[in-house]
2 protein chains.
Amino acid sequence: MPVRLKDIAKELGVSAVTVSKALRDHPDIGQKTKDKILRRVKELNYRPNLTARSLVTGRSSLIGLVVPDLIHPFFSEIAKALSAALRQKGYFLIVASSDSDPALEQNEIEHMLQHRLDCLVVASCQKDAAGLRQVRTGGHLILLDRNFPGFSSNFVGIDDYKAGELAAEHLIAQGCRRLAHIRGPHNNVGNRRAEGFLAALKRHGLETPDSYILETRESADAAGEALGAEALDRLMAQAQRPDGIFCFNDLLAVGAMMRALETGVRIPQELAIIGCGNYHYCNKLGVPLSSVDQGAVEIGSRAAEMIASLIAQPTSNKPQTAILTPTLVVRASSQRQ
Amino acid sequence: MPVRLKDIAKELGVSAVTVSKALRDHPDIGQKTKDKILRRVKELNYRPNLTARSLVTGRSSLIGLVVPDLIHPFFSEIAKALSAALRQKGYFLIVASSDSDPALEQNEIEHMLQHRLDCLVVASCQKDAAGLRQVRTGGHLILLDRNFPGFSSNFVGIDDYKAGELAAEHLIAQGCRRLAHIRGPHNNVGNRRAEGFLAALKRHGLETPDSYILETRESADAAGEALGAEALDRLMAQAQRPDGIFCFNDLLAVGAMMRALETGVRIPQELAIIGCGNYHYCNKLGVPLSSVDQGAVEIGSRAAEMIASLIAQPTSNKPQTAILTPTLVVRASSQRQ
DNA sequence: TTGAAAGCGTTACCAC
DNA sequence: GTGGTAACGCTTTCAA
């Protein structure tokens, strides 16, 4: 049985309240009493029972994070950064992976809420915001990376429109004129990136045939590359081959690039490729992959700040939003000059 | 304010105890009463307060995991597998990253214990077991990947000696005769892998000069590659160059391989390279990297089983141990035939 | 500056 | 089958 606050109080001949005050250095306590208590606390290696504390204070010091996939570099970086930032504020991170399954995600969220989290952070893979609506009754909610039109919520993510623009501008600057896009799912993220990409092309007077915009299913890591490879085949089978591709994420880009190299397409001379996410292994590839960086580390730390601010707020004000600007990381796969 | 068990009881004209029984389908309750309660519970979207439940049952349904680095593919795979397996058993995973800092690790562990975890799982980066000794007073402890001689504890990991042997046998079978090893830290893992490697060489009558066994500092992800590159330079500067290298982990191997390719060394013809860990991006590299697979997913699920078994045990018996057998994954970097 | 009493939301125990 | 009562370990409030 672990030592309890009460045990220490009895042993030292003071009340439990006094010990409690000493531990949280409450002002209403004499220095001598406090020293005496803290010394004994250390000797006994006493650990306050946060469960009991939570019950009475109503705050758990637990923050929940639900992501589609913990192996995905983008999300593991966020998890790491968030966990580190929260630690300094005295919070703990509970993590769950939804395996990109909306039902499982909803399930995980429900379970998490039973732990009376101080805040829940979700990179959601839901089709719509229906499930998330009732979540909000449980406390603070922050959406990560992806939000839902019509669902007003705290949010941290990047400017996806800008990401698409950046990629397009870069490829055009490298001399590409026939630009294709292997796009992502039909949600806010996929749509905005495609829109930004196409808008930039239009500004430069470049036409993009419909057959240059390829759809892919949303996919877990394993399948993602295969989808990229398949999409590349479809692009290269066309009479007019594209000379530049922007892929929704690096996984698709890697798949596309590997297939291109296999089939003898020279990269970047014949075909420039750029992805999105800037996964940490991009620079280790046979041809290092250019990518639009989503700033996972900053997303994590901004989320931590937002959490602190939400918890500090006495009443729930209007939703907070942090939209970060993506940055371009140019490597060999798109560098033609 | 969320709905409480008590509220439901009052509304339905039954006692709190009865509602509690219905929720955990306790046998001592009539079917009709139970149905009535469960229906209302669902309507109200009631979520039991696990904090309160924990306080009275003494079990938190929280499992802690502390790893050196969440971005490290080996550990993120373990985290994912463990989290998935635990979910099915009704447990939750709390994750913390120690950034490979022993002091920070100890700190994280202390904090975690305050949450009254049902079990703590640690992939430790401590120098010795001193800090972990007093952790055990807090409940169950499982060491992951790395254990400490003289510290008897539950453990899940691979047979590191075997890992070294596998790598050596493979390189020898590929025709290598001058084998080098870029070794890991001087702990149980680094030592055993080196021992297994050298023992296999000896069995085949191969000599290994001391200058072929290179030391590296323990290092986080960013620096790991640089260390590998540096080690490769030292090896290739020798009069007699090695024709095969076993690296302690894939990060070192990638660094070494990239430097080798940069300097015009042909892989695997002049130099065969094999790493350890089988990171998910091994097959995406310019020259796909051979590796000894540590079975991260199985480590995660075995840990989950062990957790369940430890918690079920009324009294703490002798430590449980699961030593998995590593497997060889051959790719282009070492395949000479 | 200290502490007694009341409670946080739930479950265990044992009467009925 | 059902429910009253007493915890679980801590903090809050307020009187001394």
Side-chain angles (χ1 to χ4, degrees), chain A residues 1-38 40-41 44-62 90 111 113-118 137-139, chain B residues 1-38 40-41 44-62 90 111 113-118 138-139 314:
Chain A
M1 285 296 109
V3 188
R4 295 161 309 171
L5 185 146
K6 189 195 299 181
D7 301 328
I8 298 184
K10 190 176 295 177
E11 189 192 311
L12 259 40
V14 296
S15 81
V17 182
T18 307
V19 177
S20 174
K21 282 176 180 163
L23 283 168
R24 293 170 297 139
D25 47 29
H26 197 89
D28 279 1
I29 187 174
Q31 192 59 46
K32 279 181 62 179
T33 329
K34 188 167 158 182
D35 289 346
K36 180 176 69 175
I37 293 172
L38 289 183
R40 192 69 186 130
V41 157
L44 290 174
N45 196 22
Y46 165 74
R47 294 188 260 262
N49 185 329
L50 294 191
T51 306
R53 180 180 290 175
S54 298
L55 190 55
V56 63
T57 60
R59 325 214 295 95
S60 64
S61 70
L62 252 26
H111 277 295
L113 290 177
Q114 301 190 0
H115 283 286
R116 293 303 187 261
L117 306 175
D118 289 342
T137 65
Chain B
M1 283 297 108
V3 189
R4 296 161 309 172
L5 185 147
K6 189 194 297 184
D7 301 327
I8 297 184
K10 189 176 295 177
E11 190 192 310
L12 260 40
V14 296
S15 80
V17 181
T18 307
V19 177
S20 174
K21 282 176 179 163
L23 283 168
R24 293 170 296 141
D25 46 32
H26 198 90
D28 278 2
I29 187 173
Q31 192 60 44
K32 279 180 64 179
T33 328
K34 188 167 157 182
D35 288 346
K36 179 176 69 174
I37 294 172
L38 290 184
R40 193 67 187 132
V41 157
L44 290 174
N45 197 20
Y46 164 74
R47 295 187 258 263
N49 185 329
L50 294 191
T51 306
R53 180 180 289 176
S54 297
L55 188 56
V56 63
T57 59
R59 326 214 294 94
S60 64
S61 69
L62 251 27
H111 277 296
L113 291 177
Q114 301 190 2
H115 283 286
R116 293 302 188 262
L117 306 175
D118 289 342

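Within every chain, numbering begins at 1; the chains are lettered A, B, ... in the order of the sequence lines, protein sequences first and strands thereafter.
Taking atom NZ on B/K32 and atom P on D/dG1, their separation rounds to 13 Å, with Å as the unit. Note: NE2 (B/H115) to P (D/dG9) measures 17 Å, nearest angstrom. Nucleotide C/dC8 holds its P atom 13 Å from the CG atom of B/L55, rounded to whole Å. The interatomic distance linking B/K10 (NZ) with C/dG9 (C1') rounds to 13 Å, in whole Å. One interatomic measurement links the two molecules: CD1 of B/I37 to P of D/dG1, which rounds to 14 Å at whole-angstrom precision.
OP1 and OP2 of C/dG9 both lie 4.0 Å or more from every side-chain N or O belonging to B/Y46. Distances shown here put every side-chain N or O of A/T18 at or beyond 4.0 Å from the OP1 or OP2 atom of C/dT2. Taking only side-chain nitrogens and oxygens, A/S20 never comes nearer than 4.0 Å to OP1 or OP2 of D/dC10. Phosphate contact (OP1/OP2 of C/dA12, side-chain N/O of B/R24, threshold under 4.0 Å): present.
In the helix from C/dT1-D/dA16 to C/dC16-D/dG1, the rotation axis of the first five pairs and that of the last five pairs differ in direction by 30°, rounded to 10 degrees.
Using a cut-off of 4.0 Å between Lys/Arg side-chain N and Asp/Glu carboxylate O, A/D7 and A/R4 are scored as salt-bridged.
Nucleic acid contact for B/T33: sugar-phosphate only, since backbone atoms but no base atoms lie under 4.0 Å from a heavy atom of the residue.
In terms of position on DNA chain C, the residue among B/R4 and B/D28 whose nearest nucleotide sits closer to the 5' end is B/R4. With the nearest nucleotide of DNA chain D identified for both B/S15 and B/A52, B/S15 has the one nearer the 5' end.
Contact between B/G90 and B/S61 at its shortest, heavy atoms only, is O-CB, 3.8 Å.
Residue side chain A/K21 reaches the base of C/dG3 through a donor-acceptor N/O pair under 3.5 Å, judged by distance alone.
Ranking D/dT2, C/dT11, C/dT2 by closeness to the B/V56 side chain, first place goes to C/dT11. With distances taken from any side-chain atom of A/T57 to the nucleotides C/dG9, D/dT11, C/dT2, the minimum falls on D/dT11. Distance from the side chain of A/N49 is smallest for D/dG9 among the nucleotides C/dT2, C/dT11, D/dG9.
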